[in-house]
Amino acid sequence: MAGSGKRGQSWNVWAEMWRTLRLAWRLLRDPRVSPFVKILVPGLAFIYVLLPVDISPDLVPLLGQIDDLAALILAARLLVEMSPPAVVAEHEAEMMGLISRQSSEPPPDDVVDADYRILD
């Protein structure tokens, strides 16, 4: 098929956008990422989406929403870029199924590991 290459490329673009948004969401919830980054980047994107002045006005069907979507995607990419690389790599590995969160976390402090015996 002549058009199957372009269809595959467009699928890759959408899959990459979805992966970036998922990664950004995970980073927003991670305590190892700076609160400054967590507030600044989404805050700027939120302000852009709410401002009445856009690159293309929201009154124009479809184009008005595409620039808002682009701003959200760019904010997600910026959040990933500004996050610590080791944390990003860990979340990417978890998303690909290479590691599980349970194996990488230390046991909780309230667990007592002990032996016991029953006396008659």
Side-chain angles (χ1 to χ4, degrees):
M1 283 192 193
S4 65
K6 287 191 177 202
R7 190 175 309 140
Q9 288 175 348
S10 68
W11 172 251
N12 289 340
V13 169
W14 288 107
E16 180 63 23
M17 281 193 289
W18 178 247
R19 187 195 69 78
T20 302
L21 288 171
R22 284 182 54 215
L23 181 58
W25 179 252
R26 292 173 70 109
L27 291 169
L28 280 171
R29 296 183 352 222
D30 195 311
R32 297 172 291 177
V33 176
S34 166
F36 175 74
V37 172
K38 290 181 185 181
I39 293 170
L40 178 70
V41 174
L44 290 175
F46 187 69
I47 288 171
Y48 178 80
V49 169
L50 290 181
L51 279 177
V53 178
D54 283 343
I55 292 173
S56 68
D58 290 340
L59 298 175
V60 178
L62 194 61
L63 285 178
Q65 288 72 38
I66 288 178
D67 75 320
D68 291 343
L69 178 63
L72 294 175
I73 298 292
L74 287 173
R77 292 283 312 166
L78 184 60
L79 179 73
V80 170
E81 292 297 321
M82 292 180 72
S83 296
V87 175
V88 172
E90 180 183 319
H91 282 287
E92 286 177 330
E94 286 177 14
M95 287 171 50
M96 291 189 309
L98 299 177
I99 62 171
S100 67
R101 182 166 281 270
Q102 291 81 14
S103 65
S104 64
E105 290 182 355
D109 292 336
D110 59 346
V111 174
V112 176
D113 187 19
D115 295 328
Y116 68 94
R117 61 185 175 145
I118 300 174
L119 300 174
D120 290 326

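Note that the numbering runs from 1 along the sequence shown for the chain.
Rounding to the nearest 0.5 Å gives a distance of 10.0 Å between NE2 of His91 and CE of Met95. Distance check: Ile73 CD1 to Trp18 CH2 gives 10.0 Å after rounding to the nearest 0.5 Å. With rounding to the nearest 0.5 angstrom, the CZ atom of Arg26 is 4.5 Å from the CD atom of Glu94.
Across all non-hydrogen atoms, the minimal contact from Glu90 to Arg32 is OE1-NH1, 2.9 Å. Scanning all heavy atoms of the two residues, the minimum distance from Ala75 to Val41 falls at O-CG1, 3.0 Å. In this structure, Leu72 and Ala45 approach most closely via the heavy-atom pair CD2-CB, 4.1 Å. Here the closest heavy-atom approach between residue Leu79 and residue Ala24 is recorded as CD2-O, 3.3 Å.
The side chain to side chain contact (heavy atoms under 4.5 Å, CB included) search around Ala71 returns Tyr48, not counting sequence neighbours. Considering only residues two or more places apart in sequence or on other chains, Arg22 meets the side chain to side chain donor-acceptor pair (under 3.5 Å) condition with none of them. For Val88, the side chain to side chain contact (heavy atoms under 4.5 Å, CB included) criterion is met by Leu23, Leu27, Val80, Ser83, Glu92, not counting sequence neighbours.
Leu74 and Met17 are members of different hydrophobic clusters when ILVMFWY side chains are connected at heavy-atom separations under 4.5 Å. Val33 and Trp25 fall within the same hydrophobic cluster, defined by Ile, Leu, Val, Met, Phe, Trp and Tyr side-chain heavy atoms under 4.5 Å apart, directly or through other members.
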